[in-house]
Peer 1: 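Quick one: structure below, then a few questions.
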Amino acid sequence: MAEKEVEVIHSWSAPRSLSTSLLYSFAQRDDTEVLDEPLYAHFLKVTGIERPYREELLAKMDSDGDRVVKEVIYGPGEKTYRYCKHMAKFHLPGLPSDLMKKGKHFLIIRNPIDVLASFNKVQTASFFELGLAEMVKIFSELCEIGKPPAIIDVADLQKEPEAALRGLCEDLGIPFQSSMLTWEAGPNPIDGIWAPWWYKSVHKSTSFKSTREYPLPFPSEHYDVLEQSLPFYNLLRSFAKRTSSFRKSLSSPLPSLPVPANEKLLVWVGDELMTRESAKVSVFDSVVQGGDAVWEGLRVYNGKLFKLDRHLDRLFDSAKALDFKHVPECIEIKRAIFSTLIANGMLDNAHIRLTLTRGKKVTSGMSPEFNRYGCTLIVLAEWKPPVYDNSEGITLVTATTRRNSPNNLDSKIHHNNLLNNILAKIEGNLAKAGDAIMLDKDGYVSETNATNIFMVKKGHVSTPHADYCLPGITRATVMDLVVKENFPLSERRISLSEFHTADEVWTSGTMGELTPVVMIDGRVIGDGKVGPVTRRIQNVYKVLTAESGESIPHTE
């Protein structure tokens with residue numbers, strides 16, 4: 001058969017990543033010839049690294065990288081495709097640029113937890129030997145020259161071999177052949193000299209399906225290498241999810257965001273800014289272990305943070321009530337808040353969920369004695385207009401879930417144990433209402449699951465005592481405005497029927513501002529429209545937020 005120019009397919013991987021299985025798979029194709037690590041001898045010659053088979057390999061295999069690329073890898077052949085299996089660490093400086101610029105390339109990745117569990121059979125595990133940093137470098141180089149490679153994860157290949165191979169072939173622009181799914185057990189003529197040291201497991205296999213249900217015990221001596229390697233694997237894995245045809249076919253459509261601009265946020269966690277997807281806390285953090293944290297909601301208006309000091313005062317009071325240790329200084333928290341807002345370019349119409357957890361524990365458990373790292377600070381800023389319909393109003397239903405009594409968990413502590421409120425919100429959702437009213441233990445109205453509540457009867461404004469509810473900062477602000485606007489105001493016990501028969505009702509909160517209520521439990525409030533007192537207080541509140549607050553520092 002006459003030789004002709006072939007199309008070269010390069011696979012790049014770390015050791016123990018089923019790269020030999022893929023080599024065998026491609027060898028089953030009738031249109032493909034395969035090469036097992038053609039740059040291995042060049043790698044050993046240049047690096048001087050020892051292997052048990054080093055001398056034999058250098059004697060039998062061409063170690064001139066330039067010649068191997070030009071004559072072996074890209075030389076003429078008899079078939080349509082030539083599949084070249086490479087270890088990422090073989091990608092050494094000085095090789096011809098054609099190695100990367102020509103041909104089709106893809107990366108094979110595998111969780112280093114699985115790789116390291118069986119690595120020490122021939123050589124000692126190290127960050128260099130795993131080659132994940134070089135994998136990222138190869139990925140970056142190919143992207144830079146306009147050839148972003150497909151990435152296939154071994155876990156996907158073992159779980160659904162045919163679907164993963166079909167996706168890979170689609171990414172490479174070659175037809176899938178079902179012959180790729182199986183091969184004969186035992187040594188293969190295409191094996192490299194190193195096969196007796198490395199290929200014992202693959203020689204027992206006939207397909208990609210794993211025979212092991214559970215992983216091997218992880219060697220603790222490899223833990224440091226694992227910590228070094230995982231970020232590189234996770235980075236490549238994230239691109240695999242976005243770029244591979246197989247992963248796209250598996251993925252459900254991403255949920256839409258209420259505000260699409262929030263897709264690319266920078267979030268403050270601990271002492272640094274992180275991307276939305278990387279913004280995480282430890283599984284040992286108290287907020288995970290027991291909802292052991294305190295929080296505040298803040299709004300940004302016209303380059304200013306409204307009532308910032310009042311919110312921080314309450315945050316510190318809550319932290320003190322829960323006996324948090326090593327709480328950050330006020331100036332540190334302000335710096336984190338301002339840094340987050342400036343980095344996101346959020347100078348208006350933004351909301352901050354500020355969380356302070358008791359911090360990370362040294363072991364799981366309830367006792368704060370295990371918290372020895374200090375508090376964890378989270379600044380989550382989002383583009384977020386008021387979350388309710390403040391023009392036309394909302395409906396409320398009364399929940400059967402009662403508001404916490406101070407006998408149980410004092411609502412004056414602005415804590416993250418919100419299941420009580422969430423249960424009430426579920427009732428509201430099931431009733432298709434905007435929110436749910438929560439009663440105290442005696443059946444009087446306390447607040448809604450998320451806001452404080454006010455009512456108007458014959459021009460008189462009333463709001464429940466804050467015995468069972470959080471005395472909200474927006475609530476206090478609204479109470480001041482009611483008095484300034486010369487409306488009589490009382491803070492008292494209010495029964496549910498009084499709200500049912502009120503002339504006007506509104507709720508108040510930082511996230512939603514002042515929200516008219518037009519129906520409660522099926523009863524129309526007033527004439528079912530936003531009342532004059534409500535509208536007047538809304539307007540003066542809007543003026544106040546536009547004029548006051550702590551300015552966000554200007555940056556060049």
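Just so it is clear, the model here is predicted, and its values are computed rather than measured.
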Peer 1: Say you draw a straight line from CD of E184 to OH of Y24; how long is it, rounded to the nearest 0.5 Å?
Peer 2: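 Spacing of CD (E184) from OH (Y24) equals 11.5 Å.
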Peer 1: Does N390 reach the main-chain N or O of G512 with its side chain, forming a donor-acceptor pair under 3.5 Å?
Peer 2: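 Answer holds: yes.
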Peer 1: Just so I know, are the side chains of V281 and V288 near enough to count as touching, which here means a heavy-atom distance under 4.5 Å?
Peer 2: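 Side chain of V281 against side chain of V288, heavy atoms only: contact under 4.5 Å found.
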Peer 1: Do S19 and M87 have side chains that approach each other closer than 4.5 Å (heavy atoms only, starting at C-beta)?
Peer 2: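 Yes, close enough: below the 4.5 Å cut-off.
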Peer 1: Kindly say whether A433 contributes a backbone atom to a donor-acceptor pair with the side chain of T395 at under 3.5 angstrom?
Peer 2: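 Flag not set: sc T395 to bb A433 has no pair under 3.5 Å.
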Peer 1: Can you list the steps and then say if E382 with H351 is a side-chain hydrogen bond (donor to acceptor under 3.5 Å, both in side chains)?
Peer 2: CA-CA 6 Å; E382 295 179 277; H351 177 271; 5.6 Å; no
Peer 1: Per the side-chain contact (heavy atoms from CB on, under 4.5 Å) rule, which among L107, L132, V115, I108 passes with S13?
Peer 2: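 It is I108, the one option of L107, L132, V115, I108 that forms the side-chain contact (heavy atoms from CB on, under 4.5 Å) with S13.
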Peer 1: Should the pair E33-K79 be classified as a salt bridge under the 4.0 Å nitrogen-to-oxygen rule?
Peer 2: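 No, E33 and K79 are not salt-bridged.
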Peer 1: I'd like to know if the side chain of D389 reaches the main chain of E392, judged simply by a donor and an acceptor atom lying under 3.5 Å from each other, with no hydrogens or angles considered.
Peer 2: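 Here the side-chain-to-backbone pair exists.
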Peer 1: Do the non-hydrogen side-chain atoms of F176 and L168 ever get within less than 4.5 Å of each other?
Peer 2: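 With C-beta onward as the side chain, the pair stays apart.
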Peer 1: Evaluate the side-chain hydrogen bond (donor to acceptor under 3.5 Å, both in side chains) criterion for residues E427 and T400: first the C-alpha distance (whole Å), next the side-chain angles of each, then the deciding distance (0.1 Å), finally the verdict.
Peer 2: CA-CA 8 Å; E427 294 187 63; T400 59; 3.1 Å; yes
Peer 1: Counting distance only, does the side-chain N/O of S25 pair as donor-acceptor with the main-chain N or O of L23 below 3.5 Å?
Peer 2: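 Not a single qualifying donor-acceptor pair exists.
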Peer 1: Would you say T32 and R82 make side-chain contact, with heavy atoms under 4.5 Å?
Peer 2: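 A side-chain contact is absent here, since even the closest heavy-atom pair is not under 4.5 Å.
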Peer 1: Show the numbers, then the answer: is there a salt bridge (charged side-chain N to carboxylate O under 4.0 Å, His left out) between E162 and R166?
Peer 2: CA-CA 6 Å; E162 182 171 347; R166 283 184 180 275; 3.0 Å; yes
Peer 1: Measure the CG-NZ distance between L257 and K264 for me, rounded to the nearest 0.5 Å.
Peer 2: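 With rounding to 0.5 Å, CG (L257) is 12.0 Å from NZ (K264).
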Peer 1: Please find out if less than 6.0 Å separates the ring center of F139 from that of F232.
Peer 2: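 Ring centres of F232 and F139 not closer than 6.0 Å.
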Peer 1: Say whether, by atom type as modelled, one donor and one acceptor occur between the side chain of N344 and the main chain of T340 under 3.5 angstrom.
Peer 2: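 Judged by distance alone, yes, a pair lies under 3.5 Å.
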Peer 1: Measure the CG-OG1 distance between D271 and T376 for me, rounded to the nearest 0.5 Å.
Peer 2: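 D271 CG to T376 OG1: 10.0 Å, rounded to 0.5 Å.
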Peer 1: Quick check: do L22 and F208 have side-chain heavy atoms less than 4.5 Å from each other?
Peer 2: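 The answer is yes, as the side chains (C-beta and beyond) meet within the 4.5 Å cut-off.
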Peer 1: With K425, which of T448, N449, D435, N420 fulfils side chain to side chain donor-acceptor pair (under 3.5 Å)?
Peer 2: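 Going through the options one by one, the only one that passes is D435.
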Peer 1: Counting N and O atoms only, with roles assigned by atom type, does the side chain of S286 sit under 3.5 Å from a partner on the main chain of G359, one being a donor and the other an acceptor?
Peer 2: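 Between the backbone of G359 and the side chain of S286 there is a qualifying donor-acceptor contact (under 3.5 Å).
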Peer 1: Working to the nearest 0.5 Å, report the span between CG of L354 and CD1 of I333.
Peer 2: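 CD1 of I333 is found 6.0 Å from CG of L354.
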Peer 1: Do V68 and H42 come close enough that some side-chain heavy atom pair is under 4.5 Å?
Peer 2: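 No; the side chains remain at least 4.5 Å from each other.
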Peer 1: Looking at every non-hydrogen atom in both residues, tell me the closest pair between S229 and F127 and how far apart they are.
Peer 2: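 Closest heavy-atom pair between S229 and F127: OG-CD1, 3.6 Å.
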Peer 1: Does K101 offer a backbone N or O that forms a donor-acceptor pair with the side chain of K147 under 3.5 Å?
Peer 2: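 Confirmed, K147 side chain pairs with K101 backbone.
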Peer 1: Rounded to the nearest 0.5 Å, what separates atom CD1 in I109 from atom CG in L235?
Peer 2: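 The CD1 atom of I109 sits 9.5 Å away from the CG atom of L235.
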Peer 1: Could D292 and K361 be called an ion pair, given the rule that one side-chain N must be under 4.0 Å from one carboxylate O?
Peer 2: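 Looking at D292 and K361, the cut-off is not met.
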Peer 1: When you measure from the side chain of K209 to the backbone N and O of K159, does any donor-acceptor pair fall under 3.5 Å?
Peer 2: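 Yes: the side chain of K209 pairs with the backbone of K159.
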Peer 1: Can a donor-acceptor pair be found, under 3.5 Å and without considering hydrogens, that links the side chain of H415 to the backbone of N417?
Peer 2: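 Such a contact is found between H415 side chain and N417 backbone.
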Peer 1: Tell me if a side-chain donor or acceptor on R16 pairs with a main-chain N or O of L116 at a distance below 3.5 Å.
Peer 2: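 No, the answer is negative, given that no donor and acceptor are paired below the 3.5 Å cut-off.
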Peer 1: Is there a salt bridge (charged side-chain N to carboxylate O under 4.0 Å, His left out) between K60 and E56? Walk through the geometry before answering.
Peer 2: CA-CA 6 Å; K60 296 182 177 179; E56 180 185 5; 3.2 Å; yes
Peer 1: Is there side-chain contact between H10 and I73, with at least one heavy-atom pair below 4.5 Å?
Peer 2: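 The answer is yes; the side chains approach within 4.5 Å.
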Peer 1: Measure the CG-CD1 distance between D156 and I151 for me, rounded to the nearest 0.5 Å.
Peer 2: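 The distance works out to 11.5 Å.
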Peer 1: Answer yes or no: is there a side-chain heavy-atom contact under 4.5 Å between R51 and Y40?
Peer 2: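 Heavy-atom side-chain distance check passes, below 4.5 Å.
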Peer 1: Counting heavy atoms not belonging to M274, are there more than 12 under 6.0 Å from its CE?
Peer 2: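 Correct, the count exceeds 12.
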